[in-house]
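Protein chains get the first letters and strands the later ones, always in sequence-line order, with residue 1 at the start of each. In this text, all values refer to a predicted model and were calculated from it rather than measured experimentally.
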Amino acid sequence: MPELPEVETIRRTLCQHILRQTIEDVLIRWPGAVKGWDIFPFEQEVKGRRILSVDRRGKYLLIHLEGDWSLLAHMRMTGRFNFYDEHREPEKHTHAVFTLSNGELHFTDTRKFGRILLVPTGECSNHPSLCILGPEPLEDDFTPKILGERLKRRNAALKIALLDQKVVAGLGNIYADESLFRAGISPLRAANSLSRKELSALHDSIRTLLQAGIDAQGTSFRDYRDANGEKGSFQKALQVYGRGGENCYRCGRPLIKLRLGGRTTVYCLHCQK
DNA sequence: CCTTATGCCTGAATGC
DNA sequence: TGCATTCAGGCATAAG
């Protein structure tokens, strides 16, 4: 499931191919993939525009087009962007095909949770989906103090709070569990109960792991691939995610698996307090 | 404001 | 073997 490091990797691999290319044709194969537009006006509005830049905000991809329109895309769990330099028949779950001057860009999503939005570029930062997002964890303005302020009003379990994009943008189930393990803090702790020292440790773990995830081109635990169809390698570095019942690499005791707010959570009772 | 529940989806894995 | 059930889970939305 694409979290911040995976979306960033998709962004980077897309940039290798689609910058300055013109979108010559658009085909929406499943209307549900486009939010807020009927498919005909969407296709007409996007067609003929050049791609100027590709940005990321949290788990959102922002594809800025000539003429002050931007495509916002969220991959949710199984969404993918694939670039092909020759014509390719769409797969079963390919919902959008963008024909570019130099190839094709396919948006494919088995589970159909992912969405593409078209908004005026000037309204991107004001768009409800983006403006509610918390700080970018890899930017300099994300500090332990900011993290503490974001968690201060929350009495819910820390893990739940970390998955809330209003607290920090870009964490999902994998990097949340990994960050908590690295920081040695239990996912069950009340979000507002962390000491200054613990906030620093958590802040450091979040940044270190997200950066390591990017450096490894993401985590391909199941479905994730970059825009070239390549897997990442960070799944090899995972300490707790997907390892419920197995032994902790640090202390050797079995890892606890439980459900927290509907999400599977894995942690070490001995190493995380 | 905060918190919790529900719906959206398909394919792989599991149970009988 | 085949059928039914469970699980994976990010986010919008509604209700408390």
Can you check whether A/Gln165 has a side-chain N or O nearer than 4.0 Å to OP1 or OP2 of C/dG10? no
Decide yes or no for A/Phe98 and A/Leu27: does some side-chain heavy atom of the first lie under 4.5 Å from some side-chain heavy atom of the second? no
When you get a sec, tell me which of C/dA8, B/dT3, B/dT10 is the closest nucleotide to the side chain of A/Arg222? C/dA8
Do A/Leu158 and A/Leu151 have side chains that approach each other closer than 4.5 Å (heavy atoms only, starting at C-beta)? yes
Taking the six-membered ring for Trp and the single ring otherwise, decide whether the centroids of A/Phe181 and A/Tyr267 are under 6.0 Å apart. no
Is the shortest side-chain N/O distance from A/Lys166 to OP1 or OP2 of C/dC11 below 4.0 Å? no
Establish, with yes or no, whether the OP1 or OP2 oxygen of C/dA8 is under 4.0 angstrom from a side-chain nitrogen or oxygen of A/Thr264. yes
According to the 5.5 Å centroid and 30° plane-angle thresholds, does A/Phe113 stack upon the nucleobase of B/dC8? yes
I need the CD-C1' distance between A/Glu91 and B/dT10, as an integer number of Å. 14 Å
Would you kindly give the CG-to-P distance between A/Leu117 and C/dC11, to the nearest whole Å? 13 Å
Proximity to the side chain of A/Tyr241 - top-ranked nucleotide from C/dG10, B/dC2, C/dA8: C/dA8
Side chain of A/Lys59, heavy atoms from C-beta onward: which of B/dG11, C/dC11, B/dT3 has the nearest atom to it? C/dC11
side-chain N/O A/Lys112 vs B/dT10 OP1/OP2, d < 4.0 Å: yes
Is the backbone N or O of A/Leu171 less than 3.5 Å from a side-chain atom of A/Gln165, with the two atoms forming a donor-acceptor pair by type? yes
Length of the line joining A/His127:NE2 and C/dC11:P, which is rounded to integer Å: 14 Å
Short side-chain N/O contact to C/dA8 OP1/OP2 from A/Lys257, under 4.0 Å: yes
Whole-Å distance separating the CZ atom of A/Arg115 from the P atom of C/dA12: 11 Å
Of the listed C/dA8, B/dG11, B/dC9, the closest approach to the A/Arg259 side chain comes from C/dA8
Report yes if a side-chain nitrogen or oxygen of A/Arg263 is closer than 4.0 Å to either non-bridging phosphate oxygen (OP1 or OP2) of C/dG10; otherwise report no. yes
Within the distance-only criterion (no hydrogens, no angle test), does the side chain of A/Arg57 pair as donor or acceptor with the backbone N or O of A/Leu61 below 3.5 angstrom? no
Touch check for A/Asp109, heavy atoms < 4.0 angstrom, all strands: base, sugar-phosphate only, or nothing? nothing
Nucleotide of C/dA8, B/dT3, C/dC11 approaching A/Arg76 most closely (side-chain heavy atoms): C/dC11
For C/dG10 and A/Arg111 - does any side-chain N or O of the residue sit under 4.0 Å from the phosphate oxygens OP1/OP2? no
Name the nucleic acid region contacted by A/Phe221, choosing base, sugar-phosphate or nothing; use a 4.0 angstrom heavy-atom cut-off, strictly under. nothing
Quick check: on DNA chain C, is the nucleotide nearest A/Gly262 upstream (toward 5') of the one nearest A/Tyr60, or the reverse? Name the residue that is more 5'. A/Gly262
Using whole Å, report how far CG of A/Asp164 lies from C1' of B/dA5. 15 Å
In whole angstrom, give the distance that lies between atom CZ of A/Arg80 and atom P of B/dC9. 19 Å
Flag the pair A/His64 / A/Asp55 as yes when at least one side-chain heavy-atom distance between them is below 4.5 Å, and no otherwise. yes
Distance below 4.0 Å between A/His74 side-chain N/O and C/dA12 OP1 or OP2: no
Which of B/dT3, C/dA12, C/dA8 is nearest the side chain of A/Ala156? It is B/dT3
May I have the distance from A/Met1 (atom CE) to B/dT10 (atom C1'), rounded to whole angstrom? 14 Å
If only side-chain N and O atoms of A/Lys92 are considered, is one of them under 4.0 Å from the OP1 or OP2 phosphate oxygen of B/dT10? no
Kindly state whether the ring of A/Phe81 and the ring of A/His106 have centres lying under 6.0 angstrom apart. no
Phosphate contact (B/dC1 OP1 or OP2) by A/Arg153 side-chain N/O below 4.0 Å: no
A/Lys159 NZ to B/dT3 C1': how many Å, rounded? 17 Å
Which nucleotide wins on minimum distance to the side chain of A/Trp30, given the candidates C/dA12, B/dC9, B/dT10? B/dC9
